[in-house]
Amino acid sequence: MSDQGLSANALARRSGVNRQVITNVLNGTVWADTLTVIDLEGALGVILWPDHVQWRIPAAGEAPEGYNDEVEGTPAEGSSAPDSVG
């Protein structure tokens with residue numbers, strides 16, 4: 001904001017993010033949610049959340065890496081969890 005000479009009001013108008021939300025994020029009283037970060041990045045033309053554009057996004061129908069939809073308590077394949085308890 002300071003590099004571009006923008007006030008919270010100007011950034012709010014440009015991004016569509018509420019001015020109070022911007023002020024609260026700047027003051028560290030709240031964390032911005034993902035959509036707010038995206039809106040602010042678009043308005044400012046800079047990356048605010050480092051390396052998120054390089055995250056691997058699973059294809060449609062593909063489970064995210066490390067996701068296990070087996071019954072709770074069942075170890076994931078390759079897990080080092082014990083086979084039985086007791």
Side-chain angles (χ1 to χ4, degrees):
M1 288 174 51
S2 61
D3 288 349
Q4 297 180 30
L6 292 175
S7 66
N9 285 330
L11 181 56
R13 284 190 300 275
R14 187 186 284 189
S15 67
V17 174
N18 182 284
R19 183 203 53 83
Q20 189 61 53
V21 170
I22 293 170
T23 299
N24 290 344
V25 170
L26 291 171
N27 290 333
T29 57
V30 298
W31 284 90
D33 63 31
T34 304
L35 295 177
T36 299
V37 171
I38 290 167
D39 289 339
L40 294 173
E41 286 181 338
L44 294 168
V46 297
I47 300 292
L48 299 174
W49 192 274
D51 294 327
H52 74 282
V53 294
Q54 297 191 21
W55 292 349
R56 185 183 171 286
I57 299 173
E62 179 185 11
E65 186 175 322
Y67 178 78
N68 178 15
D69 64 355
E70 298 294 323
V71 177
E72 187 175 328
T74 304
E77 185 177 323
S79 170
S80 60
D83 291 333
S84 62
V85 175

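Keep in mind it's a predicted model, so treat the numbers as computed, not measured. Note: hydrogens, waters and symmetry copies are ignored here, and every other heavy atom, side chains too, is used.
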K.L.:
Considering only heavy atoms from C-beta outward, does the side chain of V17 approach that of L11 to under 4.5 Å?
P.N.:
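No, too far: nothing below the 4.5 Å cut-off.
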K.L.:
Which heavy-atom pair separates M1 from I22 by the least distance, and what is that distance?
P.N.:
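Minimum heavy-atom contact is SD-CG2, 4.2 Å.
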K.L.:
Taking all non-hydrogen atoms of both residues, which atom of V37 and which atom of A32 are closest, and how far apart?
P.N.:
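Scanning both residues, the minimum pair turns out to be CG2-CB, 3.8 Å.
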K.L.:
Quiz question: by atom type and distance under 3.5 Å, do the side chains of T36 and D33 form a donor-acceptor pair?
P.N.:
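Yes, side-chain donor-acceptor contact under 3.5 Å.
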K.L.:
In Å and rounded to the nearest 0.5 Å, what is the CH2 to CD1 distance from W49 to I38?
P.N.:
11.0 Å
K.L.:
Look only at the side chain of E41 and the backbone of L48, and say whether a donor-acceptor pair between them is shorter than 3.5 Å.
P.N.:
yes
K.L.:
Is there a side-chain contact between L6 and L44, using heavy atoms and a 4.5 Å cut-off?
P.N.:
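Result yes, sub-4.5 Å side-chain heavy-atom pair found.
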K.L.:
Between the side chain of R14 and the main-chain N/O of A43, is any donor-acceptor distance below 3.5 Å?
P.N.:
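Yes.
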